[in-house]
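Working notes for the structure below.
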Amino acid sequence: MRIGVLALHGAVIEHIQTLRSIGVEPVPVRLPEDLEGISGLILPGGETTTMRKLVARWGLREPIMALARSGAPIFGTCAGMIIVAREIAGGEEPVFPLLDVTVERNAFGRQLDSFEIDVAMPILGDRPVHAIFIRAPVIERLGPGVEVLARLPDQRVVAVRQRNVIAISFHPELAGETRIHRLVATMAAEYAEPREGTAVAGAEPWSLGEAM
Amino acid sequence: MDVVTPEHAKIAEDAGACAVMALERVPSDIRAAGGVARMSDPAMIEGIMAAVSIPVMAKARIGHFVEAQVLEALGVDYIDESEVLTPADEVNHIDKHAFKVPFVCGCRNLGEALRRINEGAAMIRTKGEAGTGDIVEAVRHIRTLMSEIRRLASMREDELFVAAKEMEAPYDLVKQVAAEGRLPVVNFVAGGIAIPADAALAMQLGAEGVFVGSGIFKSENPAKTAEAIVQATLHFDNPKIIAEVSKGLGSPMRGIAAVTIPEAERLAVRGW
């Protein structure tokens with residue numbers, strides 16, 4: 001099974017290495033034709049402004065929206081969370097309006113305000129996730145049907161899922177954390193070869209148990 | 001991309017730059033002006049920070065930890081401890097572990113890179129020869145760095161002690177590079193990139209990104225050149241796209257051949 005990593009800019013190599021480490025074939029995606037034959041897509045951290053321009057420049061918006069609509073898992077980290085949000089606080093145009101949330105960019109400040117913290121993420125089991133926040137966003141508004149996967153101690157929402165779209169504020173790929181990638185791989189396998197009796201891709205939330 | 005005004009910073013951001021370096025003069029002008037080059041006016045750096053949403057870097061002189069403290073107090077996103085400015089200390093680099101802001105430092109080879117990483121550098125860039133528009137030194141440095149990494153990766157473990165001694169680098173970092181076959185931090189190429197093909201050359205030789213200094217705003221058409229260099233960095237292994245984006249850019253920066261620069265005026269030899 002192959003999972004794409006949007007390779008325009010940012011923490012691309014770290015996601016590619018994480019996918020390899022769990023036995024998934026990573027595909028760097030720079031052009032629309034790179035999306036052929038992949039069963040999921042990771043949108044890495046980086047600069048939102050840079051990614052927005054490059055997505056438009058290379059005609060990636062529509063094919064990635066189509067991939068998402070077909071039910072393939074889309075997993076955004078940090079800037080990847082911003083570009084899947086339907087609304088960006090401050091009124092910037094969304095890039096891939098897939099997730100019914102409002103996201104606030106650089107919610108913690110500049111580079112100097114980066115931090116690391118362990119956060120509970122029950123979908124991954126009892127062990128918390130070591131979360132690295134770098135110029136990170138947070139979710140300000142949750143639409144109906146958006147499931148919260150993790151909050152900070154101050155209750156701010158930093159990880160969510162809506163059907164086949166997962167978005168988190170922090171960088172699991174920088175912390176040696178593979179469980180979220182495994183969850184995405186499970187969803188991608190299900191998308192690639194739907195089992196009988198399971199929900200039509202994109203229609204229902206994915207069963208949480210499968211990822212364990 | 002190096003920028004000297006908020007307007008430049010916007011051009012760089014619009015072109016797809018993922019960070020800008022706020023400077024009073026681009027390196028070719030620093031070279032032409034001579035004299036002592038120091039950190040930039042904080043007001044000018046703040047003006048650029050206010051103009052763009054992408055991260056803003058600023059340069060401190062090698063060893064000038066108070067310039068670095070000032071830049072950190074301003075809230076810049078990264079500090080470049082740079083040989084482009086006149087060194088403040090000919091023995092010690094800045095102890096970068098003492099700062100929260102991440103640093104990028106220059107190198108000409110693996111030993112120099114690992115010494116900087118040991119001091120706390122979070123990113124490395126090969127130096128090239130800044131302000132020349134001549135890629136030859138950048139090629140020399142990235143080739144040296146990458147071939148030294150490959151050589152370490154091919155060694156027996158018991159050979160790494162001497163390798164560390166010879167490259168004057170900490171053994172633990174040498175061992176880590178040998179095991180992973182790569183630097184433990186991100187590596188950029190800087191110093192001499194002037195056209196899209198230069199950027200793609202740096203990437204094909206093993207860079208993970210490029211710094212473009214004088215090459216943008218000393219060209220005839222900075223906005224187009226900036227955009228083309230971004231696209232060539234992204235599609236570095238796709239010659240058709242590099243050809244397409246290279247069309248009709250106007251004159252690149254004129255530049256000076258690095259071989260004609262006397263030893264005393266070379267920037268890359270600063271730092272140890």
Side-chain angles (χ1 to χ4, degrees), chain A residues 6-14 16-17 20-21 28-34 44-60 78-79 82-83 88-93 104-116 132-137 171 173-174 176, chain B residues 1 9-10 12-20 46 49-58 71-79 99-104 122-123 180-187 203 206-210 226-228 230-238 240-241 244-245:
Chain A
L6 187 65
L8 300 175
H9 151 74
V12 175
I13 189 74
E14 292 81 359
I16 285 179
Q17 285 167 346
R20 269 200 200 114
S21 77
V29 172
R30 300 191 181 93
L31 294 169
E33 54 261 40
D34 299 331
E47 288 308 314
T48 308
T49 313
T50 305
M51 284 204 260
R52 169 197 301 285
K53 287 173 197 309
L54 296 174
V55 162
R57 174 72 173 76
W58 297 102
L60 285 159
C78 196
I82 299 167
I83 63 177
I88 302 171
E92 270 179 81
E93 280 292 300
E104 185 191 353
R105 286 181 68 176
N106 294 339
F108 303 95
R110 298 188 72 99
Q111 181 73 36
L112 264 172
D113 306 301
S114 302
F115 63 100
E116 301 181 23
I132 302 176
F133 291 83
I134 305 170
R135 290 165 55 88
H171 290 276
E173 77 288 356
L174 301 181
Chain B
M1 290 181 194
K10 286 302 290 178
E13 183 177 56
D14 287 343
C18 61
V20 289
E46 281 180 338
M49 287 166 63
V52 291
S53 73
I54 55 177
V56 175
M57 299 191 176
L71 295 175
E72 183 173 63
L74 287 175
V76 302
D77 297 294
Y78 309 101
I79 295 174
F99 291 80
K100 194 174 176 208
V101 60
F103 279 73
V104 60
M123 294 178 283
E180 295 174 2
R182 54 164 294 165
L183 283 182
V185 302
V186 181
N187 179 46
M203 296 293 288
E208 291 162 289
V210 298
E227 212 262 342
V230 167
Q231 306 309 344
T233 305
L234 168 57
H235 296 290
F236 65 90
D237 55 358
N238 191 326
K240 280 188 182 154
I241 289 180
E244 201 53 43
V245 301

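In what follows, chains carry the letters A, B, and so on, assigned in the order in which the sequence lines appear, proteins first and then strands, with residues in each chain numbered from 1.
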> Under a 4.5 Å heavy-atom cutoff, which of A:Thr48, A:Leu31, A:Ile13 has the most pairs with chain B?
Replying inline: A:Leu31
> Between B:Glu227, B:Gln231, B:Glu13, which shows the greatest number of heavy-atom pairs under 4.5 Å with chain A?
Replying inline: B:Gln231
> Does the pair A:Arg135 and B:Ser53 meet the rule for a side-chain hydrogen bond (donor to acceptor under 3.5 Å, both in side chains), with working shown?
Replying inline: CA-CA 11 Å; A:Arg135 290 165 55 88; B:Ser53 73; over 6 Å; no
>> Heavy-atom cut-off 4.5 Å, strictly under: side chain, backbone, both or neither for B:Ala17 against chain A?
In response: backbone
> What part of B:Asn238 gets closer than 4.5 Å to chain A, counting heavy atoms only: side chain, backbone, both or neither?
Replying inline: side chain
> Non-hydrogen atoms of chain A under 4.5 Å away: do they reach the side chain of B:Val52, the backbone, both or neither?
Replying inline: neither
>> Less than 4.5 Å to any heavy atom of chain B: does that hold for the side chain of A:Gln17, its backbone, both, or neither?
In response: side chain
>> I'd like to know whether the aromatic ring centres of B:Phe103 and B:Tyr78 sit less than 6.0 Å apart in this structure.
In response: no
>> So for B:Glu72, is it side chain, backbone, both, or neither that comes closer than 4.5 Å to the heavy atoms of chain A?
In response: both
> So do B:Leu234 and B:Val230 actually touch side chain to side chain, heavy atoms under 4.5 Å?
Replying inline: no
> Parallel, tilted or perpendicular for A:Phe115 and A:Phe133, by the 30°/60° rule?
Replying inline: parallel
>> Quick check against the 3.5 Å criterion: does A:Arg110 have a side-chain atom that pairs as donor or acceptor with the backbone of B:Gly75?
In response: yes
>> If we define contacts as heavy-atom pairs under 4.5 Å, which of B:Val56, B:Ile241, B:Val76 has the most with chain A?
In response: B:Ile241
>> Is the shortest side-chain heavy-atom distance between B:Asp237 and A:Arg30 below 4.5 Å?
In response: yes
> Looking at A:Lys53 and A:Glu47, does any basic side-chain N land under 4.0 Å from a carboxylate oxygen?
Replying inline: no
> Does any heavy atom of chain B fall under 4.5 Å from the side chain of A:Leu8, the backbone, both, or neither of them?
Replying inline: both
